[in-house]
> 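I'd like to ask some things about the structure below.
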Protein chains: 2
Amino acid sequence: MSTETKKYTDKQELIAKFSNALGHPVRVAILQQLSKQSCCFHGDMAEVLPIANSTLSQHLKVLREAGLIQGEIDPPKTKYCINKDNWHLAKGVMIGFFD
Amino acid sequence: MSTETKKYTDKQELIAKFSNALGHPVRVAILQQLSKQSCCFHGDMAEVLPIANSTLSQHLKVLREAGLIQGEIDPPKTKYCINKDNWHLAKGVMIGFFD
DNA sequence: TAATTAGTTCGTAAATGTACGAACAGTATA
DNA sequence: TATACTGTTCGTACATTTACGAACTAATTA
């Protein structure tokens, strides 16, 4: 058992985590696209986004680690989808935050 | 007139800007407090938050520059309030973003 | 087996974020 | 005028983020 006292509540951490994931316009653009058509290949996004392929992979990783999307290999492509459970969780905590 | 093409839409930039401001738990805590009681002195926040005074000033500046709060000097104290117009704008764009 | 396709990971550079204490500035009080 | 009170700004250190191209991996096709 840790002797550290927690600095912030779980809800505060959660809001910050989701917000952080939305804190770059390219990630907002990615999520807008995915929420519009539910799924999308890396390559399709790479075509329209103004960043290098490797940078896109990094941003997708950030979104994955925040739980907002999930990836699935569909050789030779990679398909990304919204993680609906966490999307709804995020929607709920953000709306709750703003009252 | 600039020759640069815009990389992201205004809405994407706006969502990212507000989200960025919410991207640290201490800033979430500050906003929760302010939205609960509408106004609050720096000193009152400093008492309950686990950060140095100067660090608090930095976070307040981030929130001010994102437009979410506004400060007013009420000597010898500084009073911070939610910026209601932008708060509602943020609420609107975030809810719109999540559908 | 060699080549191709699609993405990821690595290495790296530059910028930004977070944190602290020290020094400072403005107002009020002794 | 000196002191105290409240916050901000400065200087600094360290960590994280963002970006790119190069190198790599895995699966398919020639």
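Every chain is numbered from 1, with letters handed out A, B, ... down the list of sequences.
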> Which comes earlier along DNA chain D counting from the 5' end, the contact point of Asn53(B) or that of Val26(A), where each point is its nearest nucleotide?
Asn53(B)

> Going by atom types alone, do Asn20(A) and His24(B) pair a side-chain donor with an acceptor below 3.5 Å?
no

> Start at the 5' end of DNA chain C and walk down; is the nucleotide closest to Arg64(A) or to Lys7(A) reached first?
Arg64(A)

> Round to a whole Å and report the spacing from OH of Tyr8(A) to C1' of dT18(C).
10 Å

> Could you state the NZ-P distance from Lys77(A) to dT29(D), rounded to the nearest angstrom?
13 Å

> Tell me which nucleotide among dT8(D), dC20(D), dG7(C) gets nearest to the side chain of Ala52(A).
dC20(D)

> How many Å lie between CG on Leu56(B) and C1' on dA19(C), as a whole number?
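After rounding, the reported distance stands at 12 Å.
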
> Look at Thr78(A) and dA6(C) and indicate whether a side-chain polar atom (N or O) is within less than 4.0 Å of OP1 or OP2.
no

> Please tell me if His24(A) has a side-chain N or O lying less than 4.0 Å from either OP1 or OP2 of dT17(D).
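His24(A) to dT17(D) OP1/OP2: no side-chain N or O under 4.0 Å.
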
> I'd like to check Trp87(A) versus Phe98(B) (side-chain heavy atoms, cut-off strictly below 4.5 Å). Are they in contact?
yes

> Looking at Tyr80(A), does any N or O in its side chain come under 4.0 Å of the phosphate oxygens OP1/OP2 on dT8(C)?
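Tyr80(A) to dT8(C) OP1/OP2: side-chain N or O found under 4.0 Å.
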
> Quick one: on DNA chain D, does Val62(A) or Pro75(A) contact a more 5' nucleotide (nearest heavy atom)?
Val62(A)

> Whole Å only: how far is the NZ atom of Lys79(B) from the C1' atom of dC5(D)?
19 Å

> Return yes if the base of dG21(C) and the side-chain atoms of Ser54(B) contain a donor-acceptor N/O pair under 3.5 Å, otherwise no.
yes

> In whole Å, what is the span from the CD atom of Gln58(A) to the P atom of dA14(C)?
17 Å

> Between dT18(C) atom C1' and His59(B) atom NE2, what is the distance in whole Å?
6 Å

> In whole Å, what is the span from the CD atom of Glu72(B) to the P atom of dT27(C)?
14 Å

> Should the SG-SG distance of Cys81(A) and Cys39(A) be recorded as below 2.5 Å?
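In this structure, Cys81(A) and Cys39(A) share a disulfide.
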
> Does any non-hydrogen side-chain atom of Tyr8(A) lie less than 4.5 Å from one of Pro50(B)?
yes

> Just how far, in rounded Å, is P of dG17(C) from CG of Asn20(A)?
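Going from CG in Asn20(A) over to P in dG17(C) covers 11 Å.
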
> Look at all strands and tell whether Ile51(B) reaches a base, only sugar-phosphate, or nothing, counting heavy atoms closer than 4.0 Å.
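Sugar-phosphate: the residue Ile51(B), judged by heavy atoms under 4.0 Å, touches backbone atoms but no base.
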
> Is there a side-chain polar atom (N or O) of Ser57(A) under 4.0 Å from OP1 or OP2 of dG7(C)?
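Result: no.
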
> Run the side chain to side chain contact (heavy atoms under 4.5 Å, CB included) test on Gln33(A) and Gln37(A) for me, step by step, so that the C-alpha distance in whole Å, both residues' side-chain angles and the decisive distance to 0.1 Å come before the verdict.
CA-CA 6 Å; Gln33(A) 185 63 22; Gln37(A) 62 183 62; 2.6 Å; yes

